[in-house]
Amino acid sequence: MKNKNQSDVVGSVCAVYGRTSAETDDAFSVSSQIDAGLAYAHQNGFVVPEGYVFREDFTGKALERPEYNRIRELIRARRIAALIIYATDRFARKVGVSDILLDELLQYGVQLHIVAWNSYVRSVPEDRLRFNFEMTFSDFERSKIVERTVRGKIKKLKEGYLLGCTRAPYGYTMIGTRKRSHLAVVDEQAEIVQEIFHRYVVEGAGTFVIARNLTGRAIPSPGNLRAREQSAETNVRMKYEPGWNPSGIYEILKREVYAGRYPTTIRGETIYISVPAIVSEELWEGARTRLREGKSTSRRNTIHDYLMARRLRCANCNRALSVHFGLGELRYYKCGSRATSRRAPHCGLPYLPIEPIDKVAWEFTKELLLTPARLYQAWKDEEDRRQQANA
């Protein structure tokens, strides 16, 4: 007499699925899961074709997984009669996800065989109860694993150590082991950081001026250094944007790490790690104040303060001219083009002082308002051009 594993499935095609994730240190168990699944298939008369063994390295709480999605395609195409897993927690780690996946298997007539059960999940209340009970405990176990992991990370951060996947900011390098590492100052880069803060806060230079000065002196930017490191590791020349750019200067100016505080956020809690400071607290606060003032007077908030902002066009590349904040109270209209590639070089249009240009524009506007006939004629000419273009 055949047992329930062998009824109507002898010689049927099946798939074997093994899974692990970063939530638990059980990467070694995937091979043992696969071996146990293949042995189960052989013992119960299943056929496992080449390419029907799937090794997953993804969290079980997600419905969409790279390898299991391939199994779902086989299920929907009705190319397998059974799916073999080692245990319920290898199938999923969340009750809702497991219910959806199991219902999908039953809908297409695919049996879910569990090696630890030495059987498959029948569509009867007793098997569903056992399956749901194990999945509920698996979900609880996963939550406890995540809780312990987060608690360990928080303890590690409060002791002054950084997480292993952290990239050292410009001006620092990571020293120590992967599990216990901290930041140390790189003297050459620290001098550049100090210069950036000094020029921005004390001298009042803008980010564009600072970036252009550093690029002209051929000082490697953070992007240059990362590209060189990757090239050395992979022996492949990496493409990168040459020189410094204003956004890179801005990123340095707004980071608290240079004042001796490295913020890390875990599950909504921000923890500050004490690191060697590169600039003084006063200098960092000065940069923060100026950045805040610059943001409050940005173009989108003061679009009406500058009459011709975004209205003038560059004579060389036809780009709209924006407002540039120079030293002190100086303001300029400048072209927005950048030398990002050989195909789109910088147009070379010089900076245009705002005051004389706006003065001429206001005088022209005043003349139009005081001479209605001229204003009407200008409108009529523009309307005629528009109608001709439409025609």
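The residues of the chain are indexed from 1 along the displayed sequence.
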Give the intermediate values and the outcome of side chain to side chain contact (heavy atoms under 4.5 Å, CB included) for residues N213 and V209. CA-CA 6 Å; N213 179 268; V209 174; 5.5 Å; no
Say whether Y108 and V97 are linked into one hydrophobic cluster, either directly or through other cluster members, by side-chain heavy-atom distances under 4.5 angstrom. yes
A92 versus S138, closest heavy-atom pair with distance: O-OG, 3.7 Å
Please find the pair of heavy atoms, one from A287 and one from Y200, that lie closest to each other, and give the distance. O-CE2, 4.0 Å
For the pair H113 and Y120, name the ring-plane relationship: parallel under 30°, tilted 30 to 60°, perpendicular over 60°. tilted
ILVMFWY cluster, W117 and L101 together (side-chain gap under 4.5 Å): yes
Under 6.0 Å between ring centres: does that hold for Y170 and W244? yes
Nearest 0.5 Å please: distance from the CG atom of D57 over to the CZ atom of R65. 12.0 Å
Give a yes or no on whether F131 and F140 share a hydrophobic cluster (residues Ile, Leu, Val, Met, Phe, Trp, Tyr; joining criterion: side-chain heavy atoms under 4.5 Å apart). no
How close do K94 and D139 get, heavy atom to heavy atom, and via which atoms? CA-OD2, 3.7 Å
Any Lys/Arg nitrogen of D127 or R130 sitting under 4.0 Å from an Asp/Glu carboxylate oxygen of the other? no
Main-chain N/O of G204 paired with R290 side-chain donor or acceptor, under 3.5 Å: yes
Give the cluster check for I252 versus L225: same hydrophobic cluster or not, with ILVMFWY residues linked at side-chain heavy-atom distances below 4.5 Å. yes
Y40 vs F46 aromatic rings, parallel, tilted or perpendicular, using cut-offs 30° and 60°? parallel
Where is the tightest heavy-atom contact between V16 and G37, given as atom of each residue plus distance? CG1-CA, 4.0 Å
Do L253 and Y258 come within less than 4.5 Å of each other through their side chains, counting heavy atoms only? no
Minimal non-hydrogen separation, Q194 against I278, with atom names: NE2-O, 3.0 Å
Measure the shortest side-chain to side-chain distance between F137 and T88 over non-hydrogen atoms and say whether it is less than 4.5 angstrom. no
Ignoring hydrogens and angles, tell me if any N or O in the side chain of R78 forms a donor-acceptor pair with the backbone of V110 under 3.5 Å. no
Evaluate E147 against R151 for salt bridge (Lys or Arg N to Asp or Glu O under 4.0 Å), listing each step before the verdict. CA-CA 6 Å; E147 180 185 353; R151 189 167 62 246; 3.6 Å; yes
If you measure from CZ on R93 to CZ on R19, what distance do you get to the nearest 0.5 Å? 6.0 Å
Quick one, V185 and Y172 - any side-chain contact, counting heavy atoms below 4.5 Å? yes
Report yes if the side chains of I196 and L214 come closer than 4.5 Å at any heavy-atom pair, otherwise no. yes
Whether the side chain of E56 engages the backbone of E67 through a donor-acceptor N/O pair (distance < 3.5 Å, no angle test) should be reported. yes
Working note: Q107 + R76, criterion side chain to side chain contact (heavy atoms under 4.5 Å, CB included); need CA distance, chi angles, decisive distance, verdict. CA-CA 10 Å; Q107 176 185 351; R76 292 163 183 168; over 6 Å; no
Run the salt bridge (Lys or Arg N to Asp or Glu O under 4.0 Å) test on R261 and E281 for me, step by step, so that the C-alpha distance in whole Å, both residues' side-chain angles and the decisive distance to 0.1 Å come before the verdict. CA-CA 10 Å; R261 300 181 299 274; E281 184 70 24; 2.9 Å; yes
Would you kindly say whether Q377 and D381 are connected by a side-chain donor-acceptor distance under 3.5 Å? yes
Atom pair CD1 (I34) and CD1 (I85), whose distance is rounded to the nearest 0.5 Å: 11.5 Å
Side chains of K144 and R148: closer than 4.5 Å at any heavy-atom pair? yes
To the nearest 0.5 Å, what is the distance between CG (L352) and CD1 (I357)? 4.5 Å
Cluster question for you: counting only ILVMFWY and a side-chain heavy-atom cut-off of under 4.5 Å, with indirect links fine, are F133 and I114 together? no
If you apply the rule side chain to side chain contact (heavy atoms under 4.5 Å, CB included), what do you find for R288 with E256, and how did you get there? CA-CA 10 Å; R288 184 182 179 185; E256 288 187 77; 6.0 Å; no
Working note: E134 + F91, criterion side chain to side chain contact (heavy atoms under 4.5 Å, CB included); need CA distance, chi angles, decisive distance, verdict. CA-CA 11 Å; E134 291 188 6; F91 184 60; over 6 Å; no
For L283 and V202, which heavy atoms make the closest approach, and how far apart are they? CD1-CG2, 4.2 Å
Looking only at side chains, do S221 and N224 share a donor and an acceptor under 3.5 Å apart? yes
Can a salt bridge be assigned to the pair R292 and E285 using a cut-off of 4.0 Å between side-chain N and carboxylate O? no
Do V360 and E363 have side chains that get closer than 4.5 Å, going by heavy atoms? no
With a 4.5 Å heavy-atom cut-off, do R386 and E383 have their side chains touching? yes
Mind checking the CG-OG spacing from L105 to S123? Nearest 0.5 Å is all I need. 11.5 Å
Quick check on E382: does its CD atom have over 12 non-hydrogen neighbours (other residues, nucleotides or ligands) under 6.0 Å away? yes
Could you tell me if the side chain of L183 sits less than 4.5 Å from the side chain of V257, heavy atoms only? yes
Find the distance between CZ (R212) and CD1 (I249) and round it off to the nearest 0.5 Å. 12.5 Å
From the list Y86, Y68, F54, Y52, ring pair (Phe, Tyr, Trp, His ring centres under 6.0 Å) partner of Y17 resolves to Y68
